[in-house]
Amino acid sequence: MTETLIWTVAALILVGVYLSWTAGRLDRLHTRIDAARAALDAQLLRRASVTQELATSGVLDPAASIVLYEAAHAARQAEEDQREVAESELSQALRAVFGEPEQVDVVRAAPGGEEAAGELAAAVRRVPMARRFHNDAVRAARALRRHRKVRWFRLAGHAPFPMAFEMDDEPPVALADRPA
């Protein structure tokens, strides 16, 4: 009788430790998602800011400046539920304006243009990386949250189900090939 009780208590302790470890892992994944989302937001904001700065610099033709400025402004001011669409539209505007290498050459030829083109190229290259890191963290958390033990024992607590950030983040070819 005593031996059975000891084995039962030992098994319950092991199950408790395992559940605690799983809950800690899930918590770390949610923390990683928050950090990756903050990094993604920073990169998206940086890209929109650099785009707005370039659009108002007078280096581009008026039509391209208006297209870029409006898309960047919409991306910066978008509500959370419309953010993916606004950021995708900014990517499309960047591809439309900088689809030709000649446009990048015009920017580079202007005073301070080399630095502006380099900064924009770096910003458009960092957005896909930041989005990939965020979506990888979301994918890992979702996979763990789908396990029965997590659902049955409610190890996720009240944390919302993580959502991936889906947007068109294809950089313009003329900017993607530029060295940082």
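In this structure, Arg46 and Gln43 have side chains that are in contact, with non-hydrogen atoms separated by less than 4.5 Å. Taking 4.5 Å as the limit, some side-chain heavy atom of Leu155 sits within range of a side-chain heavy atom of Leu19. You'll find the side chain of Asp41 stays beyond 4.5 Å of the side chain of Phe165, heavy atoms only. Taking 4.5 Å as the limit, every side-chain heavy atom of Arg125 sits out of range of all side-chain heavy atoms of Pro171. Contact annotation: the side chain of Leu12 never approaches that of Trp7 to less than 4.5 Å [non-hydrogen atoms, C-beta and beyond]. No side-chain heavy atom of Val138 sits under 4.5 Å from any side-chain heavy atom of Phe161. With contacts defined as side-chain heavy-atom distances shorter than 4.5 Å, the pair Arg145/Leu29 does not qualify.
Distance check: Leu40 CG to Asn135 CG gives 8.0 Å after rounding to the nearest 0.5 Å. Taken to the nearest 0.5 Å, the CZ atom of Arg76 stands 9.0 Å off from the NE2 atom of His73. For the atom pair CG (Asp61) and CD (Gln103), the distance works out to 5.5 Å, reported to the nearest 0.5 Å. Taken from OG1 in Thr51 to CG in Leu94, the straight-line distance is 4.5 Å, to the nearest 0.5 Å. To the nearest 0.5 Å, atoms CZ (Arg32) and CZ (Arg28) are separated by 11.0 Å. In this structure, Leu44 CG and Asp169 CG are separated by 9.0 Å, a value rounded to the nearest 0.5 Å.
Look at Asp136 and Arg132 and you find no salt bridge, because none of the NZ, NE, NH1 or NH2 atoms lies under 4.0 Å from a carboxylate O. The pair Arg95-Glu89 does not count as a salt bridge, with every side-chain nitrogen at least 4.0 angstrom from each carboxylate oxygen. Looking at Glu79 and Arg83, no side-chain N of the basic residue comes within less than 4.0 Å of a carboxylate O on the acidic one, giving no salt bridge. A salt bridge links Asp105 with Arg108: the closest approach of a Lys/Arg side-chain nitrogen to an acidic carboxylate oxygen falls below 4.0 angstrom.
A distance-only check finds no donor-acceptor pair linking the side chain of Ser65 to the backbone of Thr56 [under 3.5 Å]. Under a 3.5 Å cut-off, the side chain of Arg47 and the backbone N or O of Leu120 do not form any donor-acceptor pair. Ser20 places no side-chain N or O within donor-acceptor distance of the main-chain N or O of Gly16, the cut-off being under 3.5 Å. Put simply, the side chain of Asp168 gets close to the backbone of Glu170: a donor and an acceptor are under 3.5 Å apart. Side-chain atoms of Arg131 do not come within 3.5 Å of backbone N or O of Glu166 as any donor-acceptor pair.
Connection of Leu90 to Leu60 is established within a shared hydrophobic cluster, with ILVMFWY side chains joined at heavy-atom distances below 4.5 Å, either directly or through further cluster members. Transitive grouping of hydrophobic side chains (ILVMFWY, heavy atoms separated by less than 4.5 Å) brings Val15 and Leu144 into a common cluster. Under the 4.5 Å side-chain contact rule for hydrophobic residues, Leu5 and Ile13 share a cluster. One hydrophobic cluster holds both Val107 and Val50 under the rule that ILVMFWY side chains link at heavy-atom gaps under 4.5 Å. Side-chain heavy atoms closer than 4.5 Å link hydrophobic residues (I, L, V, M, F, W, Y) into clusters, and following such links, even through other members, never connects Leu68 to Ile66.
Other residues, nucleotides and ligands contribute only 12 or fewer heavy atoms inside 6.0 Å of the CZ atom of Arg25.
Taking both residues in full, the closest heavy atoms of Ala72 and Ala48 are given as CB-O, 3.5 Å, listed atom of the first, atom of the second, then distance. Taking all atoms of both residues into account, the shortest heavy-atom contact from Pro162 to His30 is CD-NE2, 4.4 Å. Residues Pro101 and Ala174 approach most closely at CA-CB, 3.8 Å, considering heavy atoms. Shown here for Ala78 and Ala86, the closest heavy-atom pair between the two residues is CB-CB, 3.7 Å. Residue Leu54 comes nearest to Ser57 through the heavy atom pair O-OG, 2.7 Å, listed as atom of the first residue, atom of the second, then distance.
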Practice task
Under the salt bridge (charged side-chain N to carboxylate O under 4.0 Å, His left out) rule, what do Glu119 and Arg126 come out as? Steps first, then yes or no, please.
Solution key: CA-CA 11 Å; Glu119 198 173 338; Arg126 288 181 180 146; over 6 Å; no
